[in-house]
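To start, the structure under review is shown below, and the notes come after it.
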Amino acid sequence: MVFLSRQVYGRLHRLRKMHEGITHPDRTNKKNFIFRMTWHFYGRRRNCYTIAIRAAQKMLQRASKNRHQKKINMKALWVQRITAALQEHQFEYTPFMSVLSEADVQLNRKVLHDICIYEPRTFKSLVEFAKQRYNEMGLYDAVAPVPPGIMTRSMFEKGEKIKAKREIKRQKLGQKILK
């Protein structure tokens with residue numbers, strides 16, 4: 001067998017000893033793992049193993065913190081863009097979100113953000129719906145019709161309740177006919 005370098009020979013020698021029961025980690029692979037993580041750093045933070053280890057650990061700590069911070073930043077961005085879209089229609093963010101939640105329109109900030117950017121007509125109809133409901137706040141007895149083109153979750157629930165009642169009536173009629 002031809003070995004091109006002493007490093008390769010040493011690595012193979014260590015691997016053979018591992019199979020014989022002597023457990024040594026492959027140091028070269030361990031070092032390469034750290035160097036692969038720090039390849040884009042400057043200076044000795046990428047070349048010296050001991051310094052690279054500390055830099056990699058610090059990098060992973062920052063990555064953990066920044067995953068949480070990214071979620072906070074995205075939420076703030078969505079709120080800012082929805083607010084800007086609502087200002088075009090002369091409406092505010094807080095009443096808009098409260099009206100949608102009371103009306104069982106279950107759209108989160110991310111979906112509303114996408115709607116206000118890519119589907120402005122749909123967003124306009126949502127704003128009109130929210131304005132109408134906001135003007136009716138406090139008048140629980142007076143239920144105004146929903147603007148055309150908007151379907152709420154309660155519409156589907158009412159339809160399912162009606163279907164269930166009809167099925168129960170059919171079953172009762174079938175039992176009476178059989179008696």
Side-chain angles (χ1 to χ4, degrees), residues 33-43 45-46 52-178:
F33 177 75
I34 296 296
F35 287 137
R36 270 186 254 125
M37 283 181 14
T38 61
W39 68 270
H40 58 284
F41 290 167
Y42 288 104
R45 298 179 78 207
R46 89 186 253 173
I53 288 174
R54 283 184 254 144
Q57 288 174 344
K58 194 68 175 175
M59 175 188 71
L60 294 173
Q61 286 175 357
R62 289 182 181 136
S64 297
K65 288 178 188 174
N66 290 338
R67 275 196 299 275
H68 179 67
Q69 190 62 39
K70 180 183 176 185
K71 292 172 186 151
I72 293 171
N73 291 343
M74 290 306 294
K75 181 179 171 183
L77 178 69
W78 296 333
V79 169
Q80 190 175 27
R81 287 184 177 170
I82 292 169
T83 305
L86 286 169
Q87 285 176 355
E88 291 178 8
H89 301 291
Q90 290 81 34
F91 205 56
E92 294 178 15
Y93 177 78
T94 308
F96 176 71
M97 293 302 283
S98 64
V99 165
L100 289 183
S101 65
E102 287 175 14
D104 285 336
V105 178
Q106 297 182 350
L107 299 174
N108 59 9
R109 291 180 188 92
K110 182 180 179 181
V111 174
L112 285 171
H113 159 259
D114 289 339
I115 288 174
C116 76
I117 290 177
Y118 299 112
E119 298 179 22
R121 291 182 183 167
T122 307
F123 189 74
K124 183 179 178 183
S125 66
L126 281 172
V127 173
E128 289 173 5
F129 171 74
K131 281 182 182 178
Q132 183 179 357
R133 289 283 237 198
Y134 186 70
N135 292 333
E136 295 171 356
M137 297 273 275
L139 303 172
Y140 296 107
D141 297 335
V143 179
V146 179
I150 295 178
M151 298 188 77
T152 62
R153 183 174 294 276
S154 59
M155 289 179 181
F156 291 115
E157 290 172 357
K158 287 177 187 174
E160 290 173 9
K161 287 178 185 177
I162 292 169
K163 288 178 185 176
K165 287 180 182 178
R166 286 182 187 159
E167 187 62 34
I168 291 169
K169 285 182 182 178
R170 285 185 192 140
Q171 289 176 358
K172 287 181 181 178
L173 286 172
Q175 289 174 356
K176 286 181 183 178
I177 293 170
L178 291 175

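Note that the structure is predicted; figures quoted are calculated from it, not measured.
Of the inter-residue distances, the one linking I72 atom CD1 with L77 atom CG reads 14.0 Å to the nearest 0.5 angstrom. Between the NZ atom in K131 and the CG atom in L86 there is a gap of 9.0 Å [rounded to 0.5 Å]. To the nearest 0.5 Å, atom CE of residue M97 and atom CG of residue N108 are 8.0 Å apart. Interatomic distance, CD of Q61 versus NZ of K65, reported as 6.5 Å (0.5 Å rounding).
Between I82 and R109 the shortest heavy-atom distance is CD1-O, 3.5 Å.
K110 has its side chain out of reach of M74: every pair of non-hydrogen atoms, C-beta onward, lies at least 4.5 Å apart. In this structure the side chain of I117 never reaches within 4.5 angstrom of the side chain of F123, judged on heavy atoms.
Within the structure, side-chain hydrogen bond (donor to acceptor under 3.5 Å, both in side chains) pairs that include any residue of residues 75-91 comprise R81-H113 (at least two apart or interchain).
Surrounding NZ of K124 are at most 12 heavy atoms belonging to other residues, nucleotides or ligands under 6.0 Å away. Atom NE2 of H68 has 12 or fewer neighbouring heavy atoms from other residues, nucleotides or ligands inside a 6.0 Å radius.
Partners of Y134 under the ring pair (Phe, Tyr, Trp, His ring centres under 6.0 Å) rule, at least two apart in sequence or in another chain, are F91. By the side chain to side chain contact (heavy atoms under 4.5 Å, CB included) test, L100 pairs with F96, V105, L112, L126, F129, sequence neighbours left out.
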inquiry  = If you apply the rule side-chain contact (heavy atoms from CB on, under 4.5 Å), what do you find for M37 with M59, and how did you get there?
reply    = CA-CA 9 Å; M37 283 181 14; M59 175 188 71; 4.1 Å; yes

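Put simply, the side chain of N66 never gets that close to the backbone of Q69: no donor and acceptor are under 3.5 Å apart. Listed for the R46 side chain is no donor-acceptor partner under 3.5 Å among the backbone atoms of T38.
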